[in-house]
Number of protein chains: 2
Amino acid sequence: MQFLSLGTQYTLTALITLSKEGTGVAVSASKLAEPLNSPSTYLSQMLTNLIEPGIIGTRRGINGGVYLARDAKEVSLYDIVTAVEGDTFFQTCFLGISGCGDIEPCPFHDEWGKKRGKIEDWLKSTSLEELANDTSTMLTDGLLQFERKAKR
Amino acid sequence: MQFLSLGTQYTLTALITLSKEGTGVAVSASKLAEPLNSPSTYLSQMLTNLIEPGIIGTRRGINGGVYLARDAKEVSLYDIVTAVEGDTFFQTCFLGISGCGDIEPCPFHDEWGKKRGKIEDWLKSTSLEELANDTSTMLTDGLLQFERKAKR
DNA sequence: CTATATTCTAATATCAATATACGATATAGA
DNA sequence: TCTATATCGTATATTGATATTAGAATATAG
């Protein structure tokens with residue numbers, strides 16, 4: 001049980017880099033993937049999810065890459081997360097009961113709705129710019145290390 | 001992205017029934033699984049996770065089954081959830097960075113820690129008894145319907 | 001003591017997440 | 001304008017987790 005999938009974690013971290021470069025400046029997926037030690041093609045694939053919602057744009061060919069399509073102020077973390085993972089987390093019942101709703105609530109409905117709403121509000125009200133500003137040295141230096149599942 | 005796995009959802013719902021029966025009263029897995037329309041052997045397997053932490057006990061043979069081993073007041077939702085799913089959700093960094101901690105925090109560390117802590121506190125402070133008391137008619141009547149993934 | 005209801009364990013199937021491989025395309029430079 | 005190459009984009013493969021099934025082990029009632 002983990003909140004964000006690995007792909008989303010890669011995506012967020014890559015977007016921090018793009019944000020620091022500035023809107024419109026293209027960086028290749030392989031450059032972005034390098035500090036993550038993730039397969040660049042995989043990162044590229046994840047980033048593709050952000051094209052349709054207009055968060056990033058891409059340019060092929062020499063000196064091409066991925067660039068931020070809007071000002072980092074105008075991109076919320078909610079936009080990013082749901083573009084990659086969808087919004088089922090914010091939609092479905094805690095117990096997975098399909099009839100659960102305001103009219104016929106499951107025992108968790110109200111309380112979980114509040115907790116989840118807090119997370120939703122937070123993600124919606126935090127911009128990529130803020131995230132990038134908060135970024136500690138661990139992201140810029142080589143300290144970044146993602147947890148990988150141990151081989152069994 | 002879903003908070004609880006199907007197995008945990010089954011487990012919680014089954015425990016509500018056990019709690020209503022009372023501590024020490026055994027109910028067979030197939031009886032418990034019936035209203036969930038889940039495979040009874042699967043539910044049984046999930047419930048096995050709760051034996052070692054002393055939440056339930058089992059009795060084989062005729063008239064056997066699963067029974068609540070402690071008073072429902074003494075079982076927190078946190079106990080149940082982590083027994084089935086483990087506690088990685090409450091342990092791991094939002095961004096999945098292994099070096100993240102109080103000393104060298106990732107940008108999400110503090111805020112996510114708070115949000116997640118709220119959920120943890122809630123689960124720890126809510127007992128199975130409270131859950132069972134809150135249970136609406138949807139769980140007792142045949143209205144209970146779990147969401148199943150659509151076949152593609 | 002025996003039949004049977006039941007748990008328990010282990011093998012299998014399904015599905016989603018992750019990774020790879022290859023084809024399409026745009027750009028730079030000749 | 002052409003060609004080589006860097007790059008994205010998509011389709012396929014692999015893996016791991018989750019869910020399901022099947023059958024062995026075991027305790028109880030009678």
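First the proteins, then the strands, lettered A, B, ... as listed; each starts at 1.
A:F108 and A:F94 have tilted rings, their planes meeting at an angle from 30° to 60° on a 0 to 90° scale.
Judged as a side chain to side chain contact (heavy atoms under 4.5 Å, CB included), and not counting sequence neighbours, the contacts of A:S5 are A:T8, A:E85. Residues passing the salt bridge (charged side-chain N to carboxylate O under 4.0 Å, His left out) test with B:E120 are B:K124, sequence neighbours excluded. Annotation: side chain to side chain donor-acceptor pair (under 3.5 Å) contacts of B:E130 (sequence neighbours excluded): B:S127.
Of the side-chain N and O atoms in B:Y42, none sit less than 4.0 angstrom from OP1 or OP2 of D:dT20. Listed pair B:T58 / C:dC8 meets the phosphate criterion, a side-chain N or O lying under 4.0 Å from OP1 or OP2. One finds no side-chain N or O of A:S28 lying less than 4.0 angstrom from the OP1 or OP2 phosphate oxygen of D:dA6.
Remark: B:Q45 in residues 44-51 of chain B come within less than 4.0 Å of DNA chain D through at least one heavy atom.
Residue contacts shown for A:T41 include a base, since a base heavy atom lies under 4.0 Å away.
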Could you go through residues 109-117 of chain B and list every donor-acceptor pair under 3.5 Å that involves a side-chain atom there, pairing it with any protein atom two or more places apart or in another chain?
unit_1, atom_1, unit_2, atom_2, d
B:H109, NE2, B:D102, OD1, 2.9
B:E111, OE2, B:K115, NZ, 2.8
B:R116, NH1, B:T92, O, 2.8

What donor-acceptor contacts under 3.5 angstrom involve side-chain atoms of residues 41-63 of chain A, with partners at least two apart or in another chain?
unit_1, atom_1, unit_2, atom_2, d
A:T48, OG1, A:S44, O, 2.9
A:N49, ND2, A:M46, O, 3.0

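Atom C1' of nucleotide C:dA17 and atom CD of A:E85 are separated by 11 Å, given to the nearest angstrom.
Counting only residues at least two apart or in different chains, ring pair (Phe, Tyr, Trp, His ring centres under 6.0 Å) contacts with residues 43-77 of chain A are absent. Applying the side-chain hydrogen bond (donor to acceptor under 3.5 Å, both in side chains) definition to pairs two or more places apart or across chains, those involving residues 21-32 of chain A are A:S28-A:S30.
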Could you run down the sub-3.5 Å N/O contacts of the protein with nucleotides 23-30 of chain C?
unit_1, atom_1, unit_2, atom_2, d
C:dA24, N3, A:R60, NH1, 3.1
C:dT25, O4', A:R60, NH1, 3.1

